[in-house]
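Quick notes on the structure that follows.
Counting from 1, the numbers follow the sequence of the chain as shown. These numbers were taken from a predicted model, which means no experiment stands behind them.
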Amino acid sequence: MKDDRLNRILDGEEPIEGLPEELLRDYRVYREAITLYRIRCEYVPSERLMRKILKKRRKKLVLSTVFAGIAVSLLLLSVVLDIFPVSPSRKVVQKQNPVVKELIDYIKTVEVVSDGW
């Protein structure tokens, strides 16, 4: 009941004059809350505060951009090295013991002969 009457007063359907003290107090509290809320919504920070906020955001943006660039560079380097493997500039030549060389030649001969059968 009290809320309905307060709503009617706020809508302008009922005059403010002759209200009970309790409704008048509720009306004033509501108006004050609305005024404070409107001030809060319309707040515009000062130029100095805006520069400070933007400076912090720029630092974070630059730092994240640098880290993203490093990550992309490493990824591209990895892909390039996978596609074009680095060839060694000198070949490692192993010296084989003559006995081992003869054994390997014999095994290769046996493989060739067994493939023919």
Side-chain angles (χ1 to χ4, degrees):
M1 174 87 175
K2 181 175 107 173
D3 291 335
D4 291 335
R5 189 165 182 199
L6 185 59
N7 286 337
R8 284 194 308 267
I9 293 168
L10 291 172
D11 290 340
E13 296 173 359
E14 196 171 317
I16 299 174
E17 297 83 22
L19 289 178
E21 186 63 32
E22 185 179 337
L23 268 177
L24 193 57
R25 187 177 61 242
D26 289 345
Y27 176 76
R28 287 181 183 148
V29 167
Y30 179 80
R31 296 299 292 176
E32 184 68 25
I34 292 297
T35 303
L36 291 175
Y37 182 72
R38 186 175 295 143
I39 290 170
R40 177 73 177 145
C41 290
E42 293 173 356
Y43 171 73
V44 177
S46 67
E47 186 65 30
R48 181 175 168 222
L49 181 60
M50 285 297 290
R51 282 193 308 258
K52 183 179 176 182
I53 292 170
L54 292 176
K55 187 176 180 182
K56 284 183 182 180
R57 286 186 183 171
R58 275 191 215 116
K59 283 181 183 179
K60 288 180 183 179
L61 181 65
V62 167
L63 191 59
S64 63
T65 304
V66 167
F67 284 138
I70 290 171
V72 168
S73 299
L74 290 176
L75 182 66
L76 286 176
L77 182 66
S78 166
V79 169
V80 167
L81 289 179
D82 263 353
I83 294 174
F84 305 108
V86 178
S87 60
S89 59
R90 57 189 170 130
K91 294 182 180 178
V92 178
V93 178
Q94 290 182 339
K95 292 185 179 180
Q96 291 183 349
N97 192 344
V99 175
V100 174
K101 184 171 170 64
E102 288 176 16
L103 180 63
I104 291 173
D105 289 339
Y106 177 74
I107 292 172
K108 286 182 181 177
T109 306
V110 171
E111 286 177 358
V112 170
V113 170
S114 67
D115 286 345
W117 293 94

Donor-acceptor contacts, no H, no angles, side chain residues 54-81, under 3.5 Å, sequence neighbours left out:
unit_1	atom_1	unit_2	atom_2	d
S64	OG	K60	O	3.1
S64	OG	L61	O	3.0
T65	OG1	L61	O	2.6
S73	OG	G69	O	2.8

Pairs of donor and acceptor atoms involving the side chains of residues 36-53, under 3.5 Å and at least two apart or interchain, shall be tabulated with distances.
unit_1	atom_1	unit_2	atom_2	d
S46	OG	L49	N	3.3

List for me each residue that meets side-chain contact (heavy atoms from CB on, under 4.5 Å) alongside R25, sequence neighbours excluded, and say none if there are none. E22

My understanding is that only residues two or more places apart in sequence, or in another chain, count here; which of them pass side-chain contact (heavy atoms from CB on, under 4.5 Å) with Y30? L10, I34

Nearest 0.5 Å please: distance from the CD atom of E21 over to the CG atom of D26. 10.0 Å

